[in-house]
Visitor: 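One structure follows; several queries about it will come next.
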There are 2 protein chains.
Amino acid sequence: MKAVTMADVARLANVSKSTVSQYLNKRFDYMGEDTKKRIEETIRELDYRPNIVARSLKQKSTTTIGVIVANILHTFSSQVIRAIEDICHESDFHVIVCNADDNPVKERKYIEMLRAKQVDGMIILPTGDNVDIYNEMFDEKYPIVFVDRTVGEIPIPSVILNNEMAADLGVQHFIDNGYKKIGIITNVIRNITPRRGRVNGYKKALENNKISINEQYIKNLEIGKVQEGLKDLLALEEPPEAIIAGNDLILIEVLKYVKSKNIRIPTDLAVIGIDDVSFSTFYEPALTIVEQPAYEIGKKAAELLLYEIQKKELHGENAIYQFEPKLVVRESSKRIGNSVHTIE
Amino acid sequence: MKAVTMADVARLANVSKSTVSQYLNKRFDYMGEDTKKRIEETIRELDYRPNIVARSLKQKSTTTIGVIVANILHTFSSQVIRAIEDICHESDFHVIVCNADDNPVKERKYIEMLRAKQVDGMIILPTGDNVDIYNEMFDEKYPIVFVDRTVGEIPIPSVILNNEMAADLGVQHFIDNGYKKIGIITNVIRNITPRRGRVNGYKKALENNKISINEQYIKNLEIGKVQEGLKDLLALEEPPEAIIAGNDLILIEVLKYVKSKNIRIPTDLAVIGIDDVSFSTFYEPALTIVEQPAYEIGKKAAELLLYEIQKKELHGENAIYQFEPKLVVRESSKRIGNSVHTIE
DNA sequence: CTGAAAGCGCTTACAG
DNA sequence: CTGAAAGCGCTTACAG
């Protein structure tokens, strides 16, 4: 099938390419009714479809954005992408999805390729290790929005969770339920900034309640080391009675460990997870979760980016948009049976 | 930042655009060493980056493909996309992801937009309701691969699960464990073809074992109606003692119901799910699952598509590539306690 | 070994 | 109300 071009349409309809172009762009202001009709019919007859690549070259806009995540298989990422795609679809933008696997080299390559392909902007869950390119893009006023993490001193708009609050909500809830020996496990690799925020929130919540911080209760582990870390934690002289899982993957590791050791939740160990999981409501016991509004975060990021692309403003706002987590109390964080506390 | 173009490089390096182009395309056969050096330096100096849109216009290839799924939030879809993206990345292709939400109108719009953007091919989890476009694309030799479902009579290569086998594996396992009253719940909306295959497999397995088919045991429901359907099922005079959940979403609904009614698995009701879930190993009891090789399926689809794009062959192969599911036995399908069977 | 020229399929002032 | 012409930034025969 040799492609039908605008020139073909013009010839058959006995008008110039300009006029066909006007028609396509719905600039009918000065177009004769019959010209319009003729073009319309010819287009249908030839089954003509405009070549957007040609238009993009001229207009310097591809109505396409790039999204770089660590891994689309992470629930958070897929929710963010879904939201971005929804918002983009409303404005007839498309989204190219890239998995950087927390690998700065891969991230760099994707960024360069995406720019070469002239995407109108990017939303990145940054590895954080390509500060030079981030800066270069910022200087060139290239539209870009970060999600999930902020990066150092670069004033690029970032949409993130209030991570301190996330941990604080969990810890405070434990304390309110009579727990004092509370541990937290976070993930080294993924999400450096979120982890720091979560650990800070954890510490502050304890301080606010005049509970001294036990550094042994704070574990920062690769996902493959969580089982081991838990073992160490529970082998302490005074093991924690409650634990915060810093994200969904860690929660899963915790639950695997719990099952393998026949530990009862919450009797032996109370658990709260940050990030929702598909089984939180029907797991036995149902899981108390600090939920992250992933869809809202992705939506906001897309809105910011499209705004920046379309209005050419907003640049250098350096705004950090923080979303609030929500504590959903279920059974896994219930107060300790033999609590001496008599809170209600 | 006014973009640097090839013309700028050519001027500064004192060569023609042709030569710069040769350089970029690594056609060094006849290029003088110093010319090469000069171009290389100039490119670095100017921080020149080729505009791929311009190249695409000329070469009629965007090194971009489109993927249309129902919803990226479904585990299967995200695994398929991840695989596709991995394979494409190896060949420096990018992938545009679209969510059609099982909506033929949305699907049609995406297909048209993607073609207008000149993507080199598409991988579609088809709604099945746009046979006219599928046919049109097929006739135009537009590279396209279906995943998860085949569509009627169109000879477009399709990569799918052996759905009959999936259900058969589950049913046979139940039977081997002494179960005879076996129900199956499938999803109306999603995956029409897979559902039919699974129900067929279910029936055949029963027939092979000379167990008569009870139509009341076959439920075909929207996801929101699963709870209700389960209730009906278990209220039958002779309720099923074992159940196959036709996909991950249904399995989740089953587990919710089970929890709300304090039904014990497998004692009161044995369960097998088709499609893996994140909690299969540590759910109590651990879940027996018929796993679908989603990543492999996506990989195959991408390989087929890239092959078709690059070699311009394979068209009209009408091949249906079926992948085999795998039964992973855990605790939720254990033999009935009071079984009169004495199979080992 | 390198350059001039045409062309990919559009859009957009500008002229009439 | 419509058309001729230039141009977006590349690639590619072709000539020399």
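These numbers come from a predicted model, not from an experiment. Note on naming: letters A, B, ... go to the chains in the order of the sequence lines (proteins, then strands), and numbering restarts at 1 for each one.
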Visitor: Any base atoms under 4.0 Å from B/N14, or only sugar-phosphate, or nothing? Heavy atoms, all strands.
Guide: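 Result for B/N14 = sugar-phosphate.
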
Visitor: Tell me every residue that passes side chain to side chain donor-acceptor pair (under 3.5 Å) with A/D120, counting only those two or more places apart in sequence or in another chain.
Guide: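 In terms of side chain to side chain donor-acceptor pair (under 3.5 Å), with neighbours along the sequence ignored, A/D120 is linked to A/S61, A/T62.
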
Visitor: Which residues pass the ring-ring contact (aromatic ring centres under 6.0 Å, His included) test with A/Y134, sequence neighbours left out?
Guide: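 Testing A/Y134 for ring-ring contact (aromatic ring centres under 6.0 Å, His included), a comparison that skips the adjacent residues, returns A/F146.
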
Visitor: List the residues meeting ring-ring contact (aromatic ring centres under 6.0 Å, His included) with A/Y23, not counting sequence neighbours, and say none if there are none.
Guide: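 Checked A/Y23 against ring-ring contact (aromatic ring centres under 6.0 Å, His included); matches are A/F28.
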
Visitor: Can you list the residues that meet the side chain to side chain contact (heavy atoms under 4.5 Å, CB included) rule with A/A294, with sequence neighbours excluded?
Guide: A/F76, A/Q79

Visitor: Sort by first number and list every stem of DNA chain D: at least 3 consecutive Watson-Crick or G-U wobble pairs, both distances under 3.5 Å.
Guide: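 Stems for DNA chain D, defined as runs of 3 or more consecutive pairs: C:1-3 with D:14-16, C:5-12 with D:5-12, C:14-16 with D:1-3.
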
Visitor: Using residues 88-96 of chain A as the side-chain source, report each donor-acceptor pair under 3.5 Å to any protein atom, sequence neighbours left out, with the distance given to one decimal.
Guide:
| residue | atom | partner | partner atom | Å |
| --- | --- | --- | --- | --- |
| A/D92 | OD1 | B/K109 | NZ | 2.9 |
| A/H94 | ND1 | B/K117 | NZ | 3.0 |

Visitor: Residues two or more places apart in sequence or in another chain: which of them pass salt bridge (Lys or Arg N to Asp or Glu O under 4.0 Å) with B/E136?
Guide: A/R49, B/R115

Visitor: Classify B/D8 by what it touches in the nucleic acid, base, sugar-phosphate, or nothing, heavy-atom distance under 4.0 Å.
Guide: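 The answer is nothing, as B/D8 stays clear of every strand by at least 4.0 Å.
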
Visitor: Measure the distance from OH on A/Y23 to P on D/dG3 and round it to the nearest whole Å.
Guide: 16 Å

Visitor: Go along nucleotides 9-15 of chain D 5' to 3' and tag each nucleotide: B for a protein heavy atom under 4.0 Å from its base, S when only backbone or sugar atoms are that close, - otherwise.
Guide: BBBB---

Visitor: Take atom CD of A/E33 and atom C1' of D/dT2, then tell me their distance rounded to the nearest Å.
Guide: 15 Å

Visitor: Are the side chain of A/S56 and the backbone N or O of A/I52 linked by a donor-acceptor pair below 3.5 Å?
Guide: yes

Visitor: By side chain to side chain contact (heavy atoms under 4.5 Å, CB included), which residues pair with A/T42, not counting sequence neighbours?
Guide: A/V9, A/L12, A/A13, A/L46

Visitor: Does A/S56 reach a base, just sugar-phosphate, or nothing at all? Heavy atoms under 4.0 Å.
Guide: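 Nothing, no heavy atom under 4.0 Å.
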
